[in-house]
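Here the structure comes first, spelled out in structure tokens, and everything after it is commentary.
Along the sequence shown, residues carry numbers from 1. Side chains included, hydrogens not; waters and symmetry mates left out as well; all remaining heavy atoms used.
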Amino acid sequence: MTYVIHGATGAQGAPVVSALAASGRPVVPLARRAGAAAQGPATVAADYSSAQQLTDLYRGAAGVFVHLPLGAEADRVRYAHNIVAAIREASPARVVFSTSGSGGGGLPDPADSAVSTLTGGLEAGDISYAVVRPRLFLENLLLPQVVGAAREEGALRYPLRADFPVSWASHLDIADVVADLFDRPDVTGTIDVGQLPAITGPELAGAFGAHLGREVSYEAITPAAFGESIAPLLGEGPAAGVAGLYQALGELTDHAIAPERSAQKLLGRGPRSTDRWLAELGL
């Protein structure tokens, strides 16, 4: 039986493919386009808008890893409905869904959102499932204007208050947890992934400074300024969405995971520290 991995060439899916392949499990990597891979099996084209195609891909699978692509929310909701329909028809043995940082902490998703639609569909079905809920990804800090300023100017600039604790996690941590969850059908429901205790901006800057061998200070910037800086990379629409997220986070006291639903407690799997993550990257 195979493991079907959505977004297999992307930031979250690729590490999941690697983690499963390293343990000898057969993987079917899905991507927007079929094609040869640098290593491992060639990707299979997956059309989120076709419930029938997804059904065919999921049928007989030992596990399916799902996360929704970026895009207009109306399209994402349609994709979520198709994924739920395909799961119910194909009945894979296990489904793991990553919210990709959406809906965690004090920012619940609206009931009609794509993430809520997919999560609700899994909860209402009879398929073994788990929902992985990270908060913010450490890889966000690799944006050129963020890591570049830390390296060249000694300033880590990010759109969060200096006293705002976050349970950061890496895409690599998500992959580790997903692989564990495929082996642990007894663990169901939501699993929060991130650092405990949550860390503040200055603590994050300190880890960068220690790794780079220079003093790095933390500078909070406005969500609007951050959105403007990433618009050339992501496009105006997605950049505005990111700025809106950080504006909403600014109304909270923290963005930390709940210890009782953490991967640390439920799986015995802690995430990478910021120091370890930086060392593994070799920046």
Side-chain angles (χ1 to χ4, degrees), residues 1-8 10-20 22-23 25 27-30 54 57-69 76 79-105 108-109 113-135 137 167 169-196 256-272:
M1 297 174 74
T2 59
Y3 292 82
V4 178
I5 310 302
H6 277 274
Q12 282 192 81
V16 174
V17 170
S18 296
L20 294 176
S23 64
R25 283 175 276 196
V27 174
V28 177
L30 305 184
L54 294 175
L57 289 167
Y58 296 167
R59 186 170 283 115
V64 176
F65 171 65
V66 180
H67 61 103
L68 294 165
R76 284 162 46 87
Y79 298 157
H81 281 295
N82 289 338
I83 291 167
V84 169
I87 288 169
R88 289 178 178 173
E89 178 66 24
S91 295
R94 177 83 157 153
V95 176
V96 179
F97 167 48
S98 170
T99 65
S100 303
S102 178
D109 282 299
S113 71
V115 168
S116 294
T117 297
L118 213 164
T119 300
L122 292 173
E123 291 172 345
D126 57 3
I127 304 299
S128 173
Y129 79 95
V131 177
V132 177
R133 294 193 309 185
R135 295 299 185 263
F137 289 123
S167 289
S170 168
H171 294 141
L172 300 172
D173 299 321
I174 303 304
D176 290 340
V177 169
V178 170
D180 287 349
L181 286 168
F182 280 137
D183 288 334
R184 292 286 306 275
D186 58 304
V187 179
T188 61
T190 58
I191 295 87
D192 289 347
V193 180
Q195 296 172 350
L196 284 175
I257 66 171
E260 64 272 15
R261 294 303 306 175
S262 68
Q264 288 92 320
K265 178 177 177 62
L266 298 175
L267 297 170
R269 168 76 72 173
R272 288 157 176 76

*Enter the distance from Thr188:OG1 to Leu122:CG here, rounded to the nearest 0.5 Å.*
11.5 Å

*asked:* With heavy-atom distances below 4.5 Å as the criterion, would you say the side chains of Ile87 and Val64 are in contact?
replied: no

_Nearest 0.5 Å, please: how far is CG in Leu20 from OG1 in Thr2?_
11.0 Å

*Aromatic ring centroids of His67 and Phe65 under 6.0 Å?*
yes

*If you measure from the Lys or Arg side-chain nitrogens to the Asp or Glu carboxylate oxygens, is any gap between Arg25 and Asp183 under 4.0 Å?*
yes

_Tell me if the aromatic rings of Phe182 and Tyr3 count as close, with their centers under 6.0 Å from one another._
yes

*Under the salt bridge (Lys or Arg N to Asp or Glu O under 4.0 Å) rule, what pairs show up with a residue in residues 122-133, not counting sequence neighbours?*
Arg133-Asp192

*asked:* Go through it in stages, so that I can follow the logic: the residues are Val96 and Val66, the test is side chain to side chain contact (heavy atoms under 4.5 Å, CB included), and I'd like the CA-CA distance, side-chain angles, deciding distance and then a yes or no.
replied: CA-CA 6 Å; Val96 179; Val66 180; over 6 Å; no

_Pairwise distance CG(Leu181) to CD1(Ile191) - rounded to 0.5 angstrom_ = 5.0 Å

*asked:* As an exercise, state the distance from CD1 of Ile5 to CG of Leu30, rounded to the nearest 0.5 Å.
replied: 8.0 Å

*asked:* Could you report the tightest heavy-atom contact between His171 and Pro15, atom names first, then the distance?
replied: O-CB, 4.2 Å

_Nearest heavy-atom neighbours spanning Ala61 and Val4_ = CB-CG2, 3.9 Å

_Nearest heavy atoms of Ile174 and Pro134, plus distance in Å_ = CD1-CB, 3.8 Å

*asked:* When you compare the side chain of Leu68 with that of Ile83, does any pair of heavy atoms fall below 4.5 Å?
replied: yes

*Of all the heavy-atom pairs spanning Ala8 and Pro29, show the shortest one and how long it is.*
CB-CB, 3.2 Å

_In the structure I gave you, are the side-chain heavy atoms of Asp176 and Arg272 within less than 4.5 Å of one another anywhere?_
yes

*Over all heavy atoms of both residues, which pair between Arg94 and Val187 is shortest? Give the atoms and the distance, please.*
NH2-O, 2.7 Å

*Sequence neighbours excluded - side chain to side chain donor-acceptor pair (under 3.5 Å) pairs with any residue from residues 258-271*: Asp180-Arg269

*Side-chain donor or acceptor of Thr117 paired with backbone N/O of Ser113 under 3.5 Å*: yes

*Arg88: what forms a salt bridge (charged side-chain N to carboxylate O under 4.0 Å, His left out) with it, not counting sequence neighbours?*
none

*At what distance, to the nearest 0.5 angstrom, does CG of Leu54 lie from OH of Tyr79?*
11.0 Å

_Validation row: Ile127, Ser91 side chains within 4.5 angstrom (heavy atoms)_ = yes

*Atom CZ of Arg76 and atom NE2 of His81: how far apart are they, to the nearest 0.5 Å?*
13.0 Å

*Hey, are Thr119 and Ser116 close enough side-chain-wise for a donor-acceptor pair under 3.5 Å?*
no

*For Ser167 and Ala256, indicate whether the former's side chain and the latter's backbone hold a donor-acceptor pair under 3.5 Å.*
no

*In terms of ring plane angle, is the pair Tyr58 and His6 parallel, tilted or perpendicular, where the classes change at 30° and 60°?*
perpendicular

_Closest heavy-atom pair and its distance - Ile257, Gly194_ = CD1-O, 3.4 Å

